[in-house]
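To find a chain, count down the sequence lines: A is the first, B the second, and so on, and within it residues start at 1.
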Amino acid sequence: MLFMFISHCVAYLLTSMAVNVQQYLGKEYEVECDGQMVKLKPVKAWVLQPKGRKGVVIGLFKCPNGKTIRKAIGKIE
DNA sequence: GCGATCGG
DNA sequence: CCGATCGC
């Protein structure tokens, strides 16, 4: 019973976070690549947030020139 | 400096 | 292993 409850909570937390990040993955962002502004979808996104402080969402972008860059694409309360 | 992530 | 990402 307790196990069921806890696993449910864990699953809920994991999925809700995954969904939040996935929303960022769907959208395009203006990113500076090779001295040019390019619209790209992030290859990956995650929350970067110290404990007890506000944080940011970091997007990982693959530029046309092959370079990979990170950019903050969101804020966390 | 903290937070996660991964390319260089 | 470190830089760089952002805001606090």
Checklist entry - Pairing of DNA chain B as dot-bracket, 5' to 3': ( ) intra-strand, [ ] crossing, | other strand, . unpaired, with Watson-Crick or G-U pairs under 3.5 Å? => result ||||||||

Checklist entry - Does CD in Glu32(A) sit with more than 12 non-hydrogen atoms of other residues, nucleotides or ligands closer than 6.0 Å? => result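 Atom CD in Glu32(A) is crowded, with more than 12 foreign heavy atoms closer than 6.0 Å.
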
Checklist entry - Considering residues, nucleotides and ligands other than Glu30(A), do more than 12 of their heavy atoms fall under 6.0 Å from its CD? => result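 Check passes, neighbour count above 12.
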
Considering non-hydrogen atoms only, spot the tightest contact between [X] and [Y] and give its length.
X: Lys62(A); Y: Thr68(A); result: CD-OG1, 3.7 Å
X: Ile58(A); Y: Ala72(A); result: CD1-CA, 4.2 Å
X: Pro42(A); Y: Ile73(A); result: CG-CD1, 4.1 Å
X: Leu40(A); Y: Pro64(A); result: CD1-CD, 4.5 Å

Item to check | Verdict with supporting geometry, Ile69(A) and Cys33(A), side chain to side chain contact (heavy atoms under 4.5 Å, CB included) | outcome: CA-CA 8 Å; Ile69(A) 60 169; Cys33(A) 278; 4.3 Å; yes

Checklist entry - Counting distance only, does the side-chain N/O of Gln49(A) pair as donor-acceptor with the main-chain N or O of Arg53(A) below 3.5 Å? => result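 Judged by distance alone, yes, a pair lies under 3.5 Å.
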
Next on the checklist: When you measure from the side chain of Asn65(A) to the backbone of Lys67(A), do you find a donor-acceptor pair of N or O atoms at a distance under 3.5 Å?
Outcome noted: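 Yes: the side chain of Asn65(A) pairs with the backbone of Lys67(A).
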
Checklist entry - What is the 5' to 3' range of DNA chain B, first to last nucleotide, that sits under 4.0 Å from any heavy atom of chain A? => result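 Endpoints of the contacted stretch of DNA chain B: dG1(B) to dG7(B).
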
Next on the checklist: Need to verify one output field. Residue with the more 5' nearest nucleotide on DNA chain B, Gly52(A) or Lys44(A)?
Outcome noted: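 Counting from the 5' end, the first nearest nucleotide belongs to Gly52(A).
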
Checklist entry - Taking for each residue the nucleotide of DNA chain B with the nearest heavy atom, is it Gly66(A) or Lys51(A) whose nucleotide lies nearer the 5' end? => result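 That would be Lys51(A).
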
Checklist entry - How are the rings of Tyr29(A) and Tyr24(A) set to each other: parallel, tilted or perpendicular (split at 30° and 60°)? => result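 Judged by the thresholds at 30° and 60°, the geometry between Tyr29(A) and Tyr24(A) is parallel.
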
Item to check | Nucleic acid footprint by protein, nucleotides 1-8 of chain C - heavy-atom cut-off 4.0 Å, B for base, S for sugar-phosphate alone | outcome: --BBBBBB

Checklist entry - With a non-hydrogen cut-off below 4.0 angstrom, is Val57(A) in contact with a base, only sugar-phosphate, or nothing? => result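 Here Val57(A) touches no strand at all.
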
